[in-house]
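Below is one structure, written out as structure tokens; comments come after it.
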There are 2 protein chains.
Amino acid sequence: MSYNLLLVEDDVDLASTVIDYLALEKIYCDHASNGMLAIELLQQHQFDVVILDINMPHMDGISVCKKMRELGLTTPVIMLTARDTLEDKLAGFNAGTDDYLVKPFAMLELVARIQVLAKRISGQTSKLSLYGVELNFTAKSAYRNNRKLSLTPTGLSILEILMRKANNVISRQQLIQNIWGDFSPESNSLKVHLFKLRQQLNQNGAPELIHTVPGQGFIFKSKND
Amino acid sequence: MSYNLLLVEDDVDLASTVIDYLALEKIYCDHASNGMLAIELLQQHQFDVVILDINMPHMDGISVCKKMRELGLTTPVIMLTARDTLEDKLAGFNAGTDDYLVKPFAMLELVARIQVLAKRISGQTSKLSLYGVELNFTAKSAYRNNRKLSLTPTGLSILEILMRKANNVISRQQLIQNIWGDFSPESNSLKVHLFKLRQQLNQNGAPELIHTVPGQGFIFKSKND
DNA sequence: GTCAAAATTAACCTTGCGTTAACCCAAGTT
DNA sequence: AACTTGGGTTAACGCAAGGTTAATTTTGAC
């Protein structure tokens, strides 16, 4: 998995050290040497995470973060700083940062924290694993408790739709829309697909995961409570 | 905004210190003294964030977190620990934690980090919570004191209408208008719906929340005001 | 063109929501 | 006291939504 970052850091040497290291981890990193530029780039491109140095001339990291949030930019932010007093940290969180890392830090810790944030945002994984159900997109296969399910393409896509919105009710209409697009079968096709999908999922008495919410739709979750 | 946390910590004294402090911040915190119990509680209830001590007998925090993720529990985790080596941290992130805080830590920092994680969740699930009644729009379900109510679509929408205008009287006409639009049933349908809704809300002697204002309509409020 | 897999259809069964009507109760009116 | 009015409670019914099964059509690989 490769991520797309923005590093905001006025110290060019430090910046290139970080960028080079992250490149080894397949994390690609744009660089902005000041806050103004950062805001501009953020408005033009989509980043997974922003790494923000606090101590910068002109516009410091706190202000950049505040400005971002004011502009409605919700990209996760990790603040980097040498200052580790509680006051500084609170100022950071107050400005809307998601994480706060004190220099000197280990690159591996930065990478770990980047991954946590990036994973949350981009649901773009090739595998989806939830409640013992594993969905492998590249292999187009699904497992429950390590037992392979035999699903048809539509069965698989129904499962995917439900799992991606786990714990959310999906209406019949939404399902139909997502599977068939604007025009769809006229009869109980969906019902049959759902039935067969559940049949596969619930082999040997495994608990139901696709719950019906009468009059509302279906929901993928562990227990019906 | 009030959050609902689970603290997993075997040291009961420390636990109650944390819980008491968080209570001041309007953060309500259940307590599990061991990993097993934590997993069980997590499967039964919906928490915004889990605070997980790493160093516990029997099942340590790392294992608890791993187990959670295996089970598909995506609740954000903050690990608390006295161990601050890079290895320990990486083990934590590898197990699927969202944040890692080294003891001793400032309560205010913990609170700040809780809020960051909780906010991210609350952005994903839209809820309305009032007087112990929780309305989850994404799951289209309602709870009172964590007990699930079985409501029909109309029941749910009546509850929603009343809760959105809590402490205001809603006339019958307004209710009918909002539920059925311009043309509506001719008989006592609304009465029956209301009756069934109250029946669900007031199970095991819970105090009435939907009060009748004779000749005016209905009002959602707690008794003592 | 054949064949198997997948999708759709139709028919039927089961569940449960919404509506209705009928009845109950208390308070106010005549 | 009988009647009216606003509201609460209950049971019954019809119908739509959902689930199940089998048969038929479509698709796509060979």
Side-chain angles (χ1 to χ4, degrees), chain A residues 139-142 148-162 169-203 205-220 224, chain B residues 140-142 148-162 169-203 205-220:
Chain A
K140 296 197 188 285
S141 58
K148 176 152 183 162
L149 311 179
S150 62
L151 298 181
T152 64
T154 9
L156 209 88
S157 78
I158 294 179
L159 182 58
E160 180 185 343
I161 294 165
L162 290 172
V169 169
I170 315 281
S171 73
R172 285 184 124 71
Q173 266 318 94
Q174 281 177 289
L175 270 175
I176 289 171
Q177 177 73 23
N178 276 290
I179 298 164
W180 289 287
D182 270 344
F183 265 95
S184 49
E186 295 153 14
S187 79
N188 55 353
S189 201
L190 177 60
K191 291 201 286 187
V192 177
H193 281 297
L194 264 167
F195 173 66
K196 287 178 177 163
L197 173 54
R198 294 211 248 222
Q199 209 170 231
Q200 284 296 312
L201 277 168
N202 305 343
Q203 281 167 120
E208 183 67 79
L209 288 173
I210 300 178
H211 302 274
T212 306
V213 184
Q216 312 267 18
F218 302 93
I219 185 170
F220 186 93
N224 203 15
Chain B
K140 307 239 184 225
S141 55
K148 170 148 182 166
L149 313 179
S150 61
L151 299 182
T152 64
T154 8
L156 206 85
S157 74
I158 294 178
L159 181 58
E160 181 184 343
I161 294 163
L162 290 172
V169 173
I170 316 279
S171 73
R172 286 184 126 71
Q173 266 318 312
Q174 280 177 289
L175 269 175
I176 289 170
Q177 176 71 25
N178 276 291
I179 299 164
W180 288 286
D182 272 343
F183 269 94
S184 48
E186 293 153 16
S187 80
N188 57 350
S189 201
L190 178 60
K191 288 202 290 187
V192 177
H193 281 298
L194 265 166
F195 171 66
K196 286 177 178 165
L197 173 55
R198 294 209 249 224
Q199 205 172 233
Q200 283 295 314
L201 276 169
N202 305 343
Q203 280 167 124
E208 183 67 78
L209 287 172
I210 300 178
H211 304 273
T212 307
V213 184
Q216 308 275 326
F218 302 93
I219 183 170
F220 185 93

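Just so it is clear, the values below take in all heavy atoms, side chains as well, and ignore hydrogens, waters and symmetry mates.
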Starting from [atom2] on [N], measure out to [atom1] on [X] and report it in whole angstrom.
X         : N       : atom1 : atom2 : answer
His211(B) : dG8(D)  : NE2   : P     : 12 Å
Arg172(B) : dG6(D)  : CZ    : P     : 9 Å
Phe195(A) : dT9(C)  : CZ    : C1'   : 16 Å
Glu208(A) : dG19(D) : CD    : C1'   : 11 Å
Leu175(A) : dG19(D) : CG    : P     : 12 Å
Gln216(B) : dG6(D)  : CD    : P     : 13 Å
Leu197(B) : dT9(D)  : CG    : P     : 12 Å
Leu190(A) : dT20(D) : CG    : C1'   : 14 Å

**Request:** Indicate yes or no: at least one non-hydrogen side-chain atom of Thr212(A) is less than 4.5 angstrom from one of Arg198(A).
**Result:**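 Of all side-chain heavy-atom pairs linking Arg198(A) with Thr212(A), at least one is under 4.5 Å.
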**Message:** Just so I know, are the side chains of Ile158(B) and Leu190(B) near enough to count as touching, which here means a heavy-atom distance under 4.5 Å?
**Reply:**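 Yes, side chains in contact.
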**Request:** Please report the shortest heavy-atom distance between Phe220(A) and Leu162(A), naming the atom on each side.
**Result:**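 For Phe220(A) and Leu162(A), the tightest heavy-atom pair comes out as CB-O, 3.5 Å.
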Taking only side-chain nitrogens and oxygens of [X], does any of them come within less than 4.0 Å of OP1 or OP2 of [N]?
X         : N       : answer
Trp180(A) : dT8(C)  : yes
Thr154(B) : dC17(C) : no
Thr212(A) : dG19(D) : yes
His193(B) : dC17(C) : no

**Item:** From CG (Leu149(B)) to OG (Ser141(B)), nearest 0.5 Å
**Value:**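 Rounded to the nearest 0.5 Å, the CG-OG separation comes to 9.0 Å.
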**Request:** Scan Ser189(A) against the nucleic acid and name what it touches under 4.0 Å (heavy atoms): base, sugar-phosphate only, or nothing.
**Result:**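 Base, at least one base atom sits under 4.0 Å.
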**Asked** At under 4.0 Å between heavy atoms, what does Gly215(B) touch on the DNA or RNA strands: base, sugar-phosphate, or nothing?
**Response**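 The answer is sugar-phosphate, as Gly215(B) gets under 4.0 Å only of primed atoms, P, OP1 or OP2.
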Heavy atoms from C-beta onward define the side chain here; which of [options] lies closest to that of [X]?
X         : options                   : answer
Phe218(B) : dC17(C), dG8(D), dG19(D)  : dG8(D)
Val192(B) : dT10(D), dT21(D), dG18(C) : dT10(D)
Lys191(B) : dG19(D), dT9(D), dG18(C)  : dT9(D)

**Request:** Using atom types as modelled and distance alone, determine if a side-chain donor or acceptor of Gln200(A) lies under 3.5 Å from a backbone N or O of Leu197(A).
**Result:**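 Judged by distance alone, no pair lies under 3.5 Å.
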**Asked** Ignoring hydrogens and angles, does a donor from either the side chain of Asn188(A) or the base of dT20(D) sit under 3.5 Å from an acceptor on the other?
**Response**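 Answer is yes: a donor-acceptor pair is held.
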